[in-house]
Chemist: 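Below: one structure in structure tokens.
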Protein chains: 2
Amino acid sequence: MSFADWVENNQQHLIDRLAEVVRIPSVSGDAAYRPHVFAMAEWLQNAMRALNIDASLHALGKQTLDGKELDLPPIVLGQYGNDPNKKTILVYGHYDVQPALKEDGWTSEPFELHHDLKSGRLYGRGSTDDKGPVLGWLNVIEAHQQSGQEFPVNLKMCFEGMEESGSEGLDGFIEREKDAFFAGVDAVCISDNYWLTTSSPAITYGLRGLMYQKIVISGPGADLHSGVFGGTVHEPMTDLVHLFSKLVSPSGEILIPGIKELVAPLTDEERQRYEKINFQVSDLESAAGGKITLSDDKVDVLMGRMRYPSLSIHGVEGAFSAPGAKTVIPAKVQGKYSIRLVPNLLPDQVAAICKGYLEAEFAKLGSKNTLTVETLSGGKPWVSDVNHWNYQCGIKATEKVYNQTPDLTREGGSIPCTLSLQDILHKNVMLLPMGRSDDGAHSINEKLDIDNYIRGTKLLGEYLHEVSKVEA
Amino acid sequence: MSFADWVENNQQHLIDRLAEVVRIPSVSGDAAYRPHVFAMAEWLQNAMRALNIDASLHALGKQTLDGKELDLPPIVLGQYGNDPNKKTILVYGHYDVQPALKEDGWTSEPFELHHDLKSGRLYGRGSTDDKGPVLGWLNVIEAHQQSGQEFPVNLKMCFEGMEESGSEGLDGFIEREKDAFFAGVDAVCISDNYWLTTSSPAITYGLRGLMYQKIVISGPGADLHSGVFGGTVHEPMTDLVHLFSKLVSPSGEILIPGIKELVAPLTDEERQRYEKINFQVSDLESAAGGKITLSDDKVDVLMGRMRYPSLSIHGVEGAFSAPGAKTVIPAKVQGKYSIRLVPNLLPDQVAAICKGYLEAEFAKLGSKNTLTVETLSGGKPWVSDVNHWNYQCGIKATEKVYNQTPDLTREGGSIPCTLSLQDILHKNVMLLPMGRSDDGAHSINEKLDIDNYIRGTKLLGEYLHEVSKVEA
């Protein structure tokens, strides 16, 4: 019997294990839940040891949350196998979850796995993000043990408990352990994202970065009454909307000179990759909840999300934002916008270009108000090489389990640990998702389809088998 | 002895009376204070009757406030004299006040009149807005009685208790009583505004109107994540800032065709009026708290406030307005802006022009989002004829009391009852202020200078004497 057959025959056992971990409300963002996060780390360590994995917990120090000083949840490390003749794969996942309350609109208790027989779905907080995928790796090990099949690689596991709260402490830990626990890793696999759609498996090889700025314009000493001062003074809000209008066109084109010139050119091979993706513009319309796409062409839409920068205006702090009609001239407005970055746009460089442009455009306004531009956050874009053996193994494993070639996708948002692992370990990193686009990772009624849990477990195992076939 | 000498010799008595009414916290905007508003109406009626004024209270029905059904404060009417050989002047004032709490930053108890000996100021809520001016009229009557001087006119008094809360019920009351209590009125005088500066007496003959709209743009079914959707959809906030930028230039010019064309032309006589006003651009800079005037020319600044329309962008409802960096694409944004109106701009007409313009500009954006434009409020501008005998009497009285010609001003904001009285009674209305520009009517530490209270009382009386000299 193959490990995959064992998985197929022991679905209820694997679902029961997922139910056991969903029951632990390991919410990292709420101080009151911190003991549950620790309980979840203990559970993992025990479960790993029961599978003969060399597991250990690693403290990360303290943090302040909700006014309390708390211990950070530990990193759970595991090592399974140490055969110099096998490749060593590092897998990453996280055992903490987003907050969830029944009264937010959940149709079942968020911290009780609800098996909906009709739809074949497993509802519960953490089911798909990221407890299902984390258990997937343990399921693969157990399946090999129970089926008597040899485990194909050395597996190193790194599971964190702060992913939903900024991964505090993770980068430093990887840096400290790079020549210790992380030594000898050949490639990295992260299962913590989703298919592009609800029907086609995907492998993700890129993530956009971010450059977030606020445009601060001030002039009056305090908010003014528009009846008394309207028509006599330079109004900060007027200046701000003029600057905003010079950042991006209504069709989404970034108007800041020097940004699009830095974008890596599109190759034919890459363009073909988008053409092959099993996706329709209507998929995006239904996800957005409106027929508002910038283009009616599938490839344009996919590239708009995955491979081109985009600029969004998020809002204004300091202006009138309540319901009703207040006749105020706000004294100080802080406009927030950000640019999603792609190769070769780096956050510091883009921040400097934008600041210079905004200052030059503000000077043209002839306003007597004062402008300052502050950069609030930044993150580099990440794109990996799909021709690396790591990706080829992921592709072959997907073809074996799903009988179809995976969509090769890039994502619009960021998963910071991806870049950290690549930059510190200098190894190829692949994102191999288990769940579907509609899993609702951070929403109410988060779910994981049973089919994705079971086939996803097989996929992770088959991927390791493909790795074992790669020539050294 | 003239009435003015009696006023001069009985200052403490008049200050004591002001202290008595400041002690009644007649806040109309807070249901818990409603009994005090009624107490203030009773106080007024009693004080008027003690001066042989034919006074009466008139109920206005019910309102709902803070979830409670409440009786509206009554209108206090008073008639003093009924001589067919004298002119009949109607005066308006209000006996309710803005809220005030010591902890808001008052340096003395807001509902105890604090006589600051050093500055000669009377601090207290309602001191200048509008209890001081209301008492001014009673002071004038008492002064004539005590000095044995004949009262120069028939005086009708109309004092309301809801001015700070939208003057609910007032317009209907004036309409109902126009041929009864208000019959026979020759002209109207309202003392409920302020000098343009801290040093020169003023008479106000114009008020700007208002047209307030919200621009609603929606597209996505819910707020979207900019990482996932940025670069793929038309963003409502982008559309909004482009529309905003087409309303007004950074130098304050209204960009909507058809607005400035409707503004009444400037005459030489009117321009000279602005040139004569005792005002410096630095006065406005210090009031605004910044050197941000649109012009360095005094007349431009005054006309910007008084006789030209202005457009202010107040803010956005529905966008990200909190501190921090949130990467949201807001699904529905509601941009708020308003235009201050001057003759010959009428609110309905301007609303239609703006709506049509916004719809046309939105069509040019090529966005797939949806626009609606809603008008939230409107009020007509008001300008009176300064050559009318009513104003000439105000000017002569000011010259007598202050030894200087008053600034003839228009105000940027609105005092709705002014227009109601003019439109319903078809009589000339004049605004004859008692207080100074820095009285802080709606702020903490509201005050009335003793000099303004005493000379202001004399001014109101001298005005009535001037009226008595006008040829029928």
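Numbered from 1 within each chain, the chains take letters A, B, ... in sequence-line order. Any value given below was found using the heavy atoms of this structure, including those in side chains, with hydrogens, waters and symmetry copies removed. Please read all numbers here as calculations on a predicted model, not as lab measurements.
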Chemist: May I ask you to name which of Gly318(B), Pro220(B), Ala319(B) has the most heavy-atom pairs under 4.5 Å with chain A?
Modeler: Pro220(B)
Chemist: I'd like to know which of Ser312(B), Gly366(B), Ser295(B) tops the heavy-atom pair count under 4.5 Å against chain A.
Modeler: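 If we count pairs closer than 4.5 Å to chain A, Ser312(B) comes out on top.
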Chemist: Given Met237(A) and Val316(B), is the side-chain contact (heavy atoms from CB on, under 4.5 Å) satisfied, shown in steps?
Modeler: CA-CA 10 Å; Met237(A) 191 66 184; Val316(B) 184; 4.3 Å; yes
Chemist: Where the side chain of Ser245(A) meets the backbone of His242(B), is there a donor-acceptor pair that is under 3.5 Å apart?
Modeler: no
Chemist: I'd like to know whether Leu294(A) forms a side-chain contact (heavy atoms from CB on, under 4.5 Å) with Thr232(B), so could you lay out the CA-CA distance, the side-chain angles of the two residues, the decisive distance to 0.1 Å, and finally the verdict.
Modeler: CA-CA 5 Å; Leu294(A) 291 168; Thr232(B) 67; 5.7 Å; no
Chemist: Can you see whether Glu317(A) engages Ser321(B) through a side-chain donor-acceptor pair at a distance of less than 3.5 angstrom?
Modeler: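 Not at all, the side chains of Glu317(A) and Ser321(B) share no donor-acceptor pair under 3.5 Å.
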Chemist: Where on Ser338(B) is there a heavy atom nearer than 4.5 Å to chain A: the side chain, the backbone, both, or neither?
Modeler: side chain
Chemist: Find the one option among Ala325(A), Ser310(A), Gly252(A), Gly221(A) whose heavy-atom pairs under 4.5 Å with chain B are most numerous.
Modeler: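 Of Ala325(A), Ser310(A), Gly252(A), Gly221(A), Ala325(A) has the most heavy-atom pairs under 4.5 Å with chain B.
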Chemist: Between Ser218(A) and chain B, with a heavy-atom cut-off of 4.5 Å, which part of the residue counts as in contact: side chain, backbone, both or neither?
Modeler: neither
Chemist: For each of Asn369(B), Val301(B), Val228(B), tally heavy-atom pairs with chain A at distances under 4.5 Å, and name the one with the top tally.
Modeler: Val228(B)
Chemist: When you compare the side chain of Arg340(A) with that of Thr327(B), does any pair of heavy atoms fall below 4.5 Å?
Modeler: yes
Chemist: With a 4.5 angstrom heavy-atom cut-off, is it the side chain or the backbone of Pro323(B) that approaches chain A, or both, or neither?
Modeler: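 Both the backbone and the side chain of Pro323(B) come within 4.5 Å of chain A.
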Chemist: Measure the spacing between CD1 of Ile313(B) and CZ of Phe320(A) and express it to the nearest 0.5 Å.
Modeler: 14.5 Å
Chemist: Decide if atom NZ of Lys326(A) counts as having more than 12 heavy atoms of other residues, nucleotides or ligands within a radius under 6.0 Å.
Modeler: no
Chemist: Less than 4.5 Å to any heavy atom of chain B: does that hold for the side chain of Ala331(A), its backbone, both, or neither?
Modeler: neither
Chemist: Just so I understand: if I count every heavy-atom pair under 4.5 Å between each of Ser367(B), Gly412(B), Ala288(B) and chain A, which residue has the most?
Modeler: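 The residue among Ser367(B), Gly412(B), Ala288(B) with the greatest pair count is Ala288(B).
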Chemist: I would like to know whether Thr238(A) and Leu311(B) meet side-chain contact (heavy atoms from CB on, under 4.5 Å); could you show each step before the answer?
Modeler: CA-CA 9 Å; Thr238(A) 301; Leu311(B) 192 153; over 6 Å; no
Chemist: Heavy-atom pairs under 4.5 Å with chain B are the metric here; pick the option from Gly231(A), Gly290(A), Ser249(A) that has the most.
Modeler: Gly231(A)
Chemist: Check the pair Thr293(B) / Lys368(A) against side-chain contact (heavy atoms from CB on, under 4.5 Å), numbers first and verdict last.
Modeler: CA-CA 8 Å; Thr293(B) 53; Lys368(A) 293 181 186 168; 3.4 Å; yes
Chemist: In terms of heavy-atom proximity below 4.5 Å to chain B, should Leu224(A) be classed as side chain, backbone, both, or neither?
Modeler: side chain
Chemist: Val233(A) versus Leu284(B): any side-chain heavy-atom pair under 4.5 Å?
Modeler: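 Yes. Closest side-chain heavy atoms under 4.5 Å.
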Chemist: Against chain A, label Ala322(B) side chain, backbone, both or neither, depending on which of its atoms sit under 4.5 Å from a heavy atom there.
Modeler: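 For Ala322(B), the contact with chain A is made by the backbone alone.
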Chemist: Kindly check if the number of other-residue, nucleotide or ligand heavy atoms within 6.0 Å of NZ (Lys380(A)) is above 12?
Modeler: no
Chemist: A side-chain contact here means heavy atoms from C-beta on lying under 4.5 Å apart; do Pro330(B) and His314(A) qualify?
Modeler: no
Chemist: Please classify the contact of Lys336(B) with chain A as side chain, backbone, both or neither, using a heavy-atom distance under 4.5 Å.
Modeler: side chain
Chemist: Counting only heavy atoms closer than 4.5 Å, note whether Phe244(B) contacts chain A via side chain, backbone, both or neither.
Modeler: both
Chemist: Can you tell me which portion of Leu376(A) sits under 4.5 Å from chain B's heavy atoms? Options are side chain, backbone, both or neither.
Modeler: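 Just its side chain gets close to chain B.
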Chemist: So for atom NZ, which belongs to Lys291(A), do other residues, nucleotides or ligands contribute more than 12 heavy atoms lying within a distance under 6.0 Å?
Modeler: no
Chemist: Count the heavy-atom pairs under 4.5 Å between each of Val328(A), Leu240(A), Ile339(A) and chain B, then report the option with the highest count.
Modeler: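 Most heavy-atom pairs within the cutoff with chain B belong to Val328(A).
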Chemist: Which atoms of Arg305(B) come close to chain A, meaning under 4.5 Å heavy atom to heavy atom: side chain ones, backbone ones, both, or neither?
Modeler: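 Answer is both: backbone and side chain atoms of Arg305(B) are under 4.5 Å from chain A.
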Chemist: Could you look at Thr370(B) and say if it's the side chain, the backbone, both or neither that has a heavy atom under 4.5 Å from chain A?
Modeler: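 Contact with chain A: none, neither part.
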Chemist: Which bit of His234(B) comes within less than 4.5 Å of chain A, counting heavy atoms only: side chain, backbone, both or neither?
Modeler: both
Chemist: Look at atom NZ of Lys332(A) and say whether more than 12 heavy atoms of other residues, nucleotides or ligands are closer to it than 6.0 Å.
Modeler: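 For Lys332(A), atom NZ is not crowded (no more than 12 foreign heavy atoms under 6.0 Å).
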Chemist: Among Pro309(A), Ser251(A), Gly324(A), which residue forms the greatest number of heavy-atom pairs with chain B at distances under 4.5 Å?
Modeler: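 Of the candidates given, the most pairs with chain B belong to Gly324(A).
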